[in-house]
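Some notes on the structure that comes next.
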Amino acid sequence: MASELNQQRIIDEFLRCFRKMLMDPELAGELVRIAKENINEPNAYERIAAEVSNQTTLKIQENHTEADRMFVKLLMDVVKGDSLLY
């Protein structure tokens with residue numbers, strides 16, 4: 001039961017990020033820009049998470065939740081996938 005509640009909390013938190021992106025059309029572009037600028041840096045994951053919090057309305061806690069980790073990894077995957085297209 002606790003596991004199901006935890007999974008639901010993660011899903012809800014992840015969906016809040018997507019809602020913000022849909023409500024602010026410029027946010028998605030900013031997130032991709034931040035990921036592109038930091039993807040090849042040492043500690044890319046940490047840098048992207050920090051820059052997202054510092055430069056956008058999405059706030060990633062210092063102690064990352066599972067949803068935070070999923071979101072940053074998704075951003076990194078999007079940028080890596082985008083670079084494979086060119």
Side-chain angles (χ1 to χ4, degrees):
M1 184 72 165
S3 178
E4 288 178 22
L5 289 174
N6 190 41
Q7 285 181 335
Q8 188 59 50
R9 182 188 56 75
I10 291 168
I11 291 168
D12 290 345
E13 188 177 339
F14 201 68
L15 289 175
R16 274 194 297 276
C17 291
F18 281 107
R19 283 187 194 103
K20 276 192 173 188
M21 287 187 348
L22 291 173
M23 294 181 76
D24 182 356
E26 295 175 6
L27 180 58
E30 283 295 300
L31 293 169
V32 171
R33 179 191 58 77
I34 291 167
K36 282 181 179 179
E37 288 177 0
N38 293 285
I39 194 75
N40 294 316
E41 297 295 324
N43 302 318
Y45 170 89
E46 290 83 7
R47 290 178 63 116
I48 292 168
E51 291 303 313
V52 165
S53 283
N54 292 336
Q55 297 183 31
T56 73
T57 56
L58 284 179
K59 300 304 173 205
I60 297 178
Q61 304 171 16
E62 203 169 300
N63 295 325
H64 301 162
T65 65
E66 184 64 28
D68 293 333
R69 287 187 285 276
M70 289 171 50
F71 189 76
V72 173
K73 288 178 182 176
L74 177 63
L75 276 176
M76 294 173 76
D77 286 346
V78 166
V79 170
K80 287 177 185 173
D82 188 40
S83 68
L84 295 176
L85 296 175
Y86 300 103

Exercise. Which pairs count as ring-ring contact (aromatic ring centres under 6.0 Å, His included) when at least one residue sits in residues 40-66, sequence neighbours excluded?
Worked result: Y45-H64
Problem set entry | Any pair counted as ring-ring contact (aromatic ring centres under 6.0 Å, His included), so long as it reaches residues 3-36, sequence neighbours left out | F14-F18
Exercise. Between the main-chain N or O of L58 and the side-chain N or O of K20, is there a donor-acceptor pair closer than 3.5 Å?
Worked result: no
For this session: Would you mind listing every salt bridge (charged side-chain N to carboxylate O under 4.0 Å, His left out) that reaches into residues 21-32, with sequence neighbours excluded?
Result: E30-R33
Problem set entry | Spatial distance of atom CE (M70) from atom CG (D77) [nearest 0.5 Å] | 11.5 Å
Problem set entry | No-hydrogen, no-angle side-chain donor-acceptor test under 3.5 Å, S3 and N6 | no
Exercise. Shortest non-hydrogen contact from M76 to A44?
Worked result: CE-CB, 4.0 Å
Exercise. Should side-chain heavy atoms under 4.5 Å link Ile, Leu, Val, Met, Phe, Trp and Tyr, which residues sit in the same cluster as I11?
Worked result: L15
Problem set entry | Residue pairs involving residues 9-18 (criterion salt bridge (charged side-chain N to carboxylate O under 4.0 Å, His left out); sequence neighbours excluded) | R9-E13
Exercise. Do V52 and L31 have side chains that get closer than 4.5 Å, going by heavy atoms?
Worked result: yes
Exercise. What is the minimum heavy-atom distance between A49 and V72, and which atoms define it?
Worked result: CB-CG2, 4.0 Å
Problem set entry | salt bridge (charged side-chain N to carboxylate O under 4.0 Å, His left out): pairs with one or both residues in residues 56-66, sequence neighbours excluded | E66-R69
Exercise. What distance separates S53 OG from D68 CG, expressed to the nearest 0.5 Å?
Worked result: 7.5 Å
Problem set entry | Nearest atoms (heavy-atom pairs only) where N38 meets I48 | CB-CG1, 3.6 Å
Problem set entry | L22 side, atom CG; C17 side, atom SG - distance, nearest 0.5 Å | 11.5 Å
